[in-house]
Asks: 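Right, I'll just put the structure down here and ask away after.
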Amino acid sequence: MRCCSRNLYWRGAFGLLAFSIFAADLPFTLFTGEGMRHPLPAAMPGGIAVFDADNDGLLDLYFPNGAPLPSGLKSSPAHSNSFLHNDGNLRFTDRSADSGLAGSGYDIAATAGDYDHDGLTDLLVSGLDGITLYRNLGNGRFENVTAKAGLDNHGRWSVGAVWLDYDRDGHLDLFVVNYVQWNPATERACVVDGRPDFCHPRFYQAQPNALFRNNGHGSFTDVSKAAGIAAHAGKGMAAAVADFNADGYPDIFVSNDRVFNFLFQNTGKGTFEEVAFDRGVAAPASGDPPSAMGVDAQDYDNDGRPDLIYTALRDETFPLYRNQGADFQDAAVSSKMGVLTRPMNGWGIVFADLDNDGWKDLAVARGDVLSPRGARGDKVREPLSWFRNLGNRQFALGGNFAAPAAQYRGLIAADFNNDGCLDLVATALAQPARVVPGRCPRAHGWLKVDVREGGAQVQVGQQWRQVSATQGYASSCQCPLHFGLGLAETVDVRVTWPSGRIREWKAVKPNQTLVAQP
């Protein structure tokens, strides 16, 4: 296992703080299937699912993987999706062969959630030719129940999905993010700076997303048309779920590639209204839709309202929208994120308090969309970066994590060794996945709240988080919610479930995990 290290520094309230971060390769290498013709799907894989598959208190890893193109069919163990069991102390064992999760097609994303309420986390895998539902059998094995569950994405190319209870009936429903129509028989040859490269998304036709209602007995019904989702075709790259307007129902934001974004506002009557223009998130203030990639929705300024950020490509910045209640404010300039991210290409992005100071920072997986074999191949690899939340609605570039520059895609922040510091795991095209152990200040306390019902809201002191497994690009984390507490000696905790039930804890001491069940 190859490792590397580097010291990162920032100046805070306690002077100059320093810590070392080590990046180590994991036993999984992302296969893209890129060839001389540069088929578009080869630029897109790299999702991650983080979840505790066997309820042993340690978070496991699942990596969807590509396949040869244009067939899109796995034909070698090198194309297998990978399931890594967490053995503790940041050591993982590959259990892919016996898990039933190897897959057969070109897979891109994975979304974790317990759709059947049996206490075991299941997986929804998105890919080039549709979606696959794997039910957790509880013995280290998973069963493909897609047909039995009645899930049919009609062969559309999906790059992600979100579990949510949109009708608040207590069962997890499924929203599927669909990208563009791709046909290898009609794939055109594109040129960038005089050499073959991936084609621009303008050459591909948009697709509608899909919504499946959980019937409560292991099956689903496609309600995309009835709910108003199918009426809107886009080029979806990722989705984030939160109750953006505080009416008690989860809404869905979809980042679209070079076309206007969607914000599907839940009416509470089984339908959604698309209100991205009305709420100010269809595009940045410039009015020009960027190459919107991964997205996350959490409250970065501790005002109780979930905000939005998504990544994009160089010169487009990473747009940040501050939730003001009735609408959103484009905060790219005021937050400094606009100027900080203009020279960057981003994919995965997560709000995560990396220094446990009580303010959610940002971690970003960077890398260009262009081919390393193309005319700009020497510039496509970029580092993993983080932006420190200064607590005044502004961010500062904290530095780059000590992982080799690469074409990073998926990114998740989670505590894999249960030491109270958030670690990072990231994927990169044609390279091993990497884990970066966290090194947070020991003077800062932390608290985890394990509440797995999507849509629940958790308040810890002045901080808020909304429960949603999906994060960033093509990735998900069915994990306890992590809160940095700084120097606080105690903190009050409040969990509000979609049903309206509330549970409170008073004067909770730091450095422990609370389990919250409705």
Side-chain angles (χ1 to χ4, degrees), residues 113 162-173 175 211 227-229 238-255 261-282 295-310 319-331 334-335 350-351 353 358-360 389 391 393 449 451-471 481-483 491-505 516 518:
V162 184
W163 293 108
L164 76 159
D165 184 5
Y166 80 93
D167 52 3
R168 300 199 316 189
D169 65 351
H171 301 292
L172 283 179
D173 310 300
F175 181 88
L211 179 66
I229 299 298
V241 171
D243 183 5
F244 293 112
N245 60 350
D247 66 350
Y249 286 88
D251 311 303
I252 307 168
F253 174 84
V254 180
S255 57
N261 301 319
F262 296 145
L263 178 56
F264 293 111
Q265 185 168 285
N266 195 332
T267 67
K269 302 176 183 178
T271 60
F272 291 82
E273 297 177 350
E274 203 291 293
V275 297
F277 277 99
D278 294 339
R279 298 295 301 276
V281 293
V295 62
D296 202 11
Q298 292 294 344
D299 175 18
Y300 79 91
D301 56 356
N302 292 350
D303 67 355
R305 294 187 288 262
D307 309 298
L308 274 168
I309 192 167
Y310 57 86
L320 174 65
Y321 301 92
R322 180 172 170 261
N323 190 340
Q324 300 184 115
D327 58 12
F328 287 81
Q329 174 193 28
D330 186 332
S334 62
S335 67
V350 292
F351 282 111
D353 190 352
W359 297 93
K360 300 177 189 68
N389 190 332
R393 295 186 176 143
V449 183
V451 49
R452 303 186 183 185
E453 184 172 350
Q457 297 187 24
V458 181
Q459 182 180 11
V460 173
Q462 298 302 310
Q463 301 179 61
W464 294 80
R465 274 193 174 272
Q466 299 213 358
V467 179
S468 176
T470 299
Q471 293 181 3
L481 300 184
H482 181 98
F483 296 85
V491 67
D492 293 340
V493 179
R494 178 186 177 100
V495 178
T496 304
W497 282 271
S499 64
R501 182 182 175 186
I502 296 173
R503 184 174 179 185
E504 296 181 318
W505 293 260

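Below, all heavy atoms of this structure are taken into account, side chains as well, without hydrogens, waters or symmetry copies.
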Asks: In Å and rounded to the nearest 0.5 Å, what is the CZ to CG distance from R305 to D303?
Replies: 4.5 Å
Asks: Quick one: which of Q466, R452, R465 gives a side chain to side chain contact (heavy atoms under 4.5 Å, CB included) with L481?
Replies: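 Going through the options one by one, the only one that passes is R465.
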Asks: For F351, does its backbone N or O pair with a side-chain atom of D296 as donor and acceptor, under 3.5 Å?
Replies: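 Yes; judged by distance alone, with no hydrogens or angles, the pair exists.
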Asks: Of all heavy-atom pairs between T470 and A239, which one has the smallest distance, and what is that distance?
Replies: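 The pair with the smallest heavy-atom distance is CG2-O, 3.6 Å.
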Asks: Let's go through N245 and Q265 carefully: what are the C-alpha distance in whole Å and the side-chain angles of both, what is the deciding distance for side-chain contact (heavy atoms from CB on, under 4.5 Å) to 0.1 Å, and is it a yes or a no?
Replies: CA-CA 8 Å; N245 60 350; Q265 185 168 285; 3.5 Å; yes
Asks: Could you go through F483 and V449, starting from their C-alpha distance and side-chain angles, then the distance that decides it, and tell me whether this counts as side-chain contact (heavy atoms from CB on, under 4.5 Å)?
Replies: CA-CA 8 Å; F483 296 85; V449 183; 4.1 Å; yes
Asks: Is there a side-chain contact (heavy atoms from CB on, under 4.5 Å) between D173 and W163? Walk through the geometry before answering.
Replies: CA-CA 6 Å; D173 310 300; W163 293 108; over 6 Å; no
Asks: Could you check whether D251 and Y166, counting side-chain N and O atoms only, form a donor-acceptor pair closer than 3.5 Å?
Replies: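 No donor-acceptor contact under 3.5 Å links the two side chains.
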Asks: Test of understanding: with ring-ring contact (aromatic ring centres under 6.0 Å, His included), list the residues that count as partners of F262, not counting sequence neighbours.
Replies: H232, F264
Asks: Quick one, Y321 and I309 - any side-chain contact, counting heavy atoms below 4.5 Å?
Replies: no
Asks: Check this for me: Q462, atom CD, are more than 12 non-hydrogen atoms of other residues, nucleotides or ligands nearer than 6.0 Å?
Replies: no
Asks: Considering non-hydrogen atoms only, spot the tightest contact between D165 and G170 and give its length.
Replies: OD2-N, 2.8 Å
Asks: Relative to F244, does R279 satisfy both conditions: NZ or CZ under 6.0 angstrom from the six-membered ring centre, and within 45 degrees of the ring's axis?
Replies: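 Cation-pi check for R279 and F244: fails.
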Asks: Can you tell me how far the CZ atom of F328 sits from the CG atom of D278, to the nearest 0.5 Å?
Replies: 12.5 Å
Asks: Taking all heavy atoms of W464 and all of Q298, pick out the closest pair and write down the distance.
Replies: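 That closest heavy-atom pairing would be O-OE1, 4.3 Å.
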Asks: Do Y300 and W359 make a side-chain contact, defined as non-hydrogen atoms from C-beta onward lying under 4.5 Å apart?
Replies: no
Asks: Using only atom types and a distance under 3.5 Å, with no angle test, would you say the side chain of N389 pairs donor to acceptor with the backbone of K360?
Replies: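 Checked: pair present.
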Asks: Under the side-chain contact (heavy atoms from CB on, under 4.5 Å) rule, what do L164 and S468 come out as? Steps first, then yes or no, please.
Replies: CA-CA 8 Å; L164 76 159; S468 176; over 6 Å; no
Asks: Using atom types as modelled and distance alone, determine if a side-chain donor or acceptor of D301 lies under 3.5 Å from a backbone N or O of R322.
Replies: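 No; zero donor-acceptor contacts below 3.5 Å.
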Asks: Over all heavy atoms of both residues, which pair between A516 and W505 is shortest? Give the atoms and the distance, please.
Replies: CB-CH2, 3.7 Å
Asks: Hey, is the main chain of V281 close enough, under 3.5 Å, to the side chain of N261 for a donor-acceptor pair?
Replies: yes
Asks: State, with a plain yes or no, whether a side-chain heavy atom of L308 is found less than 4.5 Å away from one of L320.
Replies: no
Asks: Looking at every non-hydrogen atom in both residues, tell me the closest pair between N323 and P306 and how far apart they are.
Replies: ND2-O, 2.9 Å
Asks: Under 3.5 Å, side chain of D243 to main-chain N/O of P250, donor-acceptor pair present?
Replies: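 The answer is no, because no donor-acceptor pair under 3.5 Å joins these two groups.
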Asks: Please tabulate, one pair per line, all N/O donor-acceptor pairs under 3.5 Å involving side-chain atoms of residues 492-499, not counting sequence neighbours.
Replies:
{"residue": "D492", "atom": "OD1", "partner": "A507", "partner atom": "N", "Å": "2.9"}
{"residue": "R494", "atom": "NH1", "partner": "E504", "partner atom": "OE2", "Å": "2.6"}
{"residue": "S499", "atom": "OG", "partner": "R501", "partner atom": "N", "Å": "3.4"}

Asks: Please output the side-chain donor-acceptor pairs of residues 268-277 that fall under 3.5 Å, not counting sequence neighbours, one pair per line with the distance.
Replies:
{"residue": "T271", "atom": "OG1", "partner": "T267", "partner atom": "OG1", "Å": "2.8"}
{"residue": "E274", "atom": "OE2", "partner": "L263", "partner atom": "N", "Å": "2.9"}
{"residue": "E274", "atom": "OE2", "partner": "A276", "partner atom": "N", "Å": "2.8"}

